[in-house]
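In listed order, ligands and their atoms are each counted from 1. Quick note: numbers below take in every heavy atom, side chains included, and nothing from hydrogens, waters or symmetry partners. Please read all numbers here as calculations on a predicted model, not as lab measurements.
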Amino acid sequence: MCSKVLPYFASGAVTKGFGRGSKALGIPTANLPESVVNNLPEELDNGVYYGWASIQGKVVKMVASIGWNPYFKNEKKSLEVHLLHKFENDFYGEELKVIIAGYIRPERDFSCLDGLIKEIKNDIIIAEQRLEEPIVNKLKHNDFLMINKTND
Ligand code: ADP
Ligand code: RBF
Ligand code: MG
């Protein structure tokens, strides 16, 4: 993985995803709009990443998946973000900003859903650790995440 495009900054309104009930699996993923996905640089390989996100004025850790989700054989590329924070309500339509800070692994196929979920839980452990490293940790203070689009 060539990291010259990292950290990568992206933002957009949270859209409806594939509705496969990833929430039921305990891993809801906020999907970014197609326009954001289509504008991702070629150098940003498909795969799993960690970084920071801001939503509703809060900055939280995140893990993200970029690609075609081989396990589900998607026909559309997606950028899905699982925020490492418990939210009481959905936030469809709200502005989500992300700083994709580092790469974890390529996307893989799995022989069962259980295997995929275990791998995602491991991605979360890796993300939690890497986001504590000083250089990566300080990205959470980046203006990109702080500046609110509204004028209040
Ligand atoms: P969809 O297929 O529409 O993306 P999901 O089952 O993946 O549906 O759920 C994603 C939605 O859940 C998000 O768009 C957001 O509104 C909500 N949500 C609640 N908690 C989280 C979280 N921790 N991370 C990401 N999304 C969350
Ligand atoms: N889908 C895959 O097909 N293969 C993967 O390796 C994979 N890794 C993921 C890692 C993370 C951190 C996240 C948030 C999602 C990943 N997905 C992957 C996408 C997953 O299939 C999708 O979010 C499902 O809807 C979860 O049930
Ligand atoms: Mg989703």
NZ of Lys77: more than 12 outside heavy atoms within 6.0 angstrom? yes
What do you reckon, is CD of Glu34 surrounded by more than 12 foreign heavy atoms closer than 6.0 Å? no
Ligand 2 to [X] polar contact by distance, N or O atoms, under 3.5 Å:
{"X": "Arg105", "value": "yes"}
{"X": "Glu80", "value": "yes"}
{"X": "Arg108", "value": "yes"}

Please could you name the atoms of ligand 2 that [X] approaches to less than 4.0 Å, counting only its heavy atoms?
{"X": "Val63", "value": "12 (C)"}
{"X": "Val48", "value": "8 (N), 9 (C), 10 (C), 12 (C)"}
{"X": "Phe110", "value": "4 (N), 5 (C), 6 (O)"}
{"X": "Asp123", "value": "10 (C), 12 (C)"}
{"X": "Glu107", "value": "6 (O)"}

Using a 4.0 Å cut-off to any heavy atom of [X], which atoms of ligand 1 qualify?
{"X": "Asp90", "answer": "12 (O), 16 (O), 17 (C)"}
{"X": "Asn31", "answer": "4 (O)"}
{"X": "Val81", "answer": "25 (C)"}
{"X": "His85", "answer": "23 (N)"}
{"X": "Phe18", "answer": "2 (O)"}

Answer whether the closest heavy-atom distance between the side chains of His82 and Ile120 falls below 4.5 Å. no
Can you confirm, on distance only, whether ligand 1 has an N/O atom lying under 3.5 Å from any N/O atom belonging to [X]?
{"X": "Tyr92", "value": "yes"}
{"X": "Asn89", "value": "no"}
{"X": "Thr15", "value": "no"}
{"X": "Ile27", "value": "no"}
{"X": "Phe91", "value": "yes"}
{"X": "Val14", "value": "no"}

Return yes if some donor-acceptor pair links the side-chain N/O of [X] with the main-chain N/O of [Y] below 3.5 Å, else return no.
{"X": "Glu94", "Y": "Ile55", "result": "no"}
{"X": "Trp52", "Y": "Val136", "result": "yes"}
{"X": "Asn142", "Y": "Phe144", "result": "yes"}
{"X": "Thr15", "Y": "Asn31", "result": "yes"}

Counting only heavy atoms closer than 4.0 Å, does ligand 1 sit against the backbone of Leu83, its side chain, both, or neither? both
Region of Glu80 that comes within reach of ligand 1 [heavy atoms, distance under 4.0 Å]: neither
Going by heavy atoms, is Leu84 under 4.0 Å from ligand 1? no
Applying a heavy-atom cut-off of 4.0 Å, say which part of [X] lies close to ligand 2: side chain, backbone, both or neither.
{"X": "Asn69", "result": "both"}
{"X": "Phe18", "result": "neither"}
{"X": "Leu116", "result": "side chain"}

What residue among Arg108, Arg130, Arg105, Lys118 forms salt bridge (Lys or Arg N to Asp or Glu O under 4.0 Å) with Asp123? Arg105
Thr29 near the Mg ion (ligand 3): N/O/S under 2.8 Å: yes
Please determine whether side-chain contact (heavy atoms from CB on, under 4.5 Å) holds for the pair Phe91 and Leu83, giving the CA-CA distance in whole Å, both sets of side-chain angles, and the decisive distance to 0.1 Å. CA-CA 12 Å; Phe91 39 82; Leu83 303 168; 3.5 Å; yes
